[in-house]
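Everything on this sheet refers to the single structure shown next.
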Amino acid sequence: MEPRINLMTNELGAKIGKRFANVSLVIQQSPLPKAAQELVMLRASQINGCGFCVDAHAKEAAAAGETAVRLNLVAAWRESTVFTEAERAALALAEEGTRLADAHHGVSDETWAQVRKHYDDDQIAALVYLVAISTRPTGSA
């Protein structure tokens, strides 16, 4: 499919893109564990069906030390035993936050309680923004 617009060659699109990059940098520097960041970005990309993003996030996660077993099981994390309780809470938030349009309830109270159990306020802020920006365009639409 040919891109309909290249957001990086559009003046306003490029300005907005720079802001996204700044947000990404703040999240990377946050106390949210790097493994959780990588898993959330990968899962959101899988849900969104973005092959480019899935490939990029899988490679970034592998470079950060994620194992092939864990990367291969992200799509089936609910049936897997390789993720910690905290990572499972982050993955649940990623799914429910990414699928807001598919569900009438949004992020469930149960998922929010699990996130609260495992992460502090700064980590939760990073996690929420990470889910939000994981659905952003990669530079073209």
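Worth saying up front: this structure is predicted, and the values here are computed from it rather than measured. Any value given below was found using the heavy atoms of this structure, including those in side chains, with hydrogens, waters and symmetry copies removed.
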Review point. Is Val128 reachable from Leu25 through a run of I, L, V, M, F, W or Y residues, each pair having side-chain heavy atoms under 4.5 Å apart?
Key: no
Point to revise | salt bridge (charged side-chain N to carboxylate O under 4.0 Å, His left out) partners of Lys59, counting only residues at least two apart | key: Asp55
Review point. Roughly how far apart are Leu32 CG and Leu130 CG, rounded to 0.5 Å?
Key: 7.0 Å
Review point. Which heavy-atom pair separates Gly97 from Val107 by the least distance, and what is that distance?
Key: N-CG2, 4.1 Å
Point to revise | Nearest-0.5 Å distance that lies between atom CD in Glu11 and atom CD1 in Ile16 | key: 11.0 Å
Point to revise | Backbone N/O of Ile27 and side chain of Gln37: donor-acceptor pair under 3.5 Å | key: yes
Check your understanding: With distance as the sole test, does Thr98 use its side chain to make a donor-acceptor pair with the main-chain N or O of Ala94 at under 3.5 Å?
Key -> yes
Exercise for review: Give the minimum heavy-atom separation between Ser134 and Met41, together with the two atoms involved.
Suggested key: OG-CG, 3.6 Å
Review point. Can you find a heavy atom in the side chain of Pro33 that is under 4.5 Å from one in the side chain of Gln123?
Key: yes
Exercise for review: Could you list who else is in Leu91's hydrophobic cluster, with ILVMFWY side chains joined at under 4.5 Å, directly or through other members?
Suggested key: Leu39, Leu42, Val54, Val69, Leu71, Leu73, Val74, Trp77, Val82, Phe83
Review point. Among Gln114, Glu110, Arg116, which one satisfies side chain to side chain contact (heavy atoms under 4.5 Å, CB included) with Trp112?
Key: Arg116
Check your understanding: Which atoms form the tightest heavy-atom contact between Gly106 and Glu96, and what is the distance?
Key -> O-OE1, 3.8 Å
Check your understanding: If you round to the nearest 0.5 Å, how far is CD of Gln46 from CD of Glu95?
Key -> 9.0 Å
Review point. Does a sphere of radius 6.0 Å around CG in Asp109 hold more than 12 heavy atoms from other residues, nucleotides or ligands, not counting ones at 6.0 Å or beyond?
Key: no
Check your understanding: Taking all non-hydrogen atoms of both residues, which atom of Glu66 and which atom of Ala35 are closest, and how far apart?
Key -> OE2-CB, 3.5 Å
Review point. Is the closest side-chain heavy-atom distance between Ile133 and Ser24 below 4.5 Å?
Key: yes
Review point. With a 4.5 Å limit on heavy-atom distance, are the side chains of Phe52 and Ser45 in contact?
Key: no
Practice item. List the atom of Tyr119, the atom of Ala86, and the distance in Å for their closest heavy-atom pair. Key: OH-O, 2.7 Å
Review point. If you measure from NZ on Lys34 to CD on Gln28, what distance do you get to the nearest 0.5 Å?
Key: 5.0 Å
Practice item. Can you see which heavy atom on Ala89 is nearest to which on Val115, and at what distance? Key: O-CG2, 3.6 Å
Review point. Atom CD of Glu87 and atom NE2 of His118: how far apart are they, to the nearest 0.5 Å?
Key: 10.5 Å
Review point. According to a 4.5 Å side-chain heavy-atom criterion applied to Ile, Leu, Val, Met, Phe, Trp and Tyr, with indirect links allowed, do Phe20 and Val131 form part of one hydrophobic cluster?
Key: yes
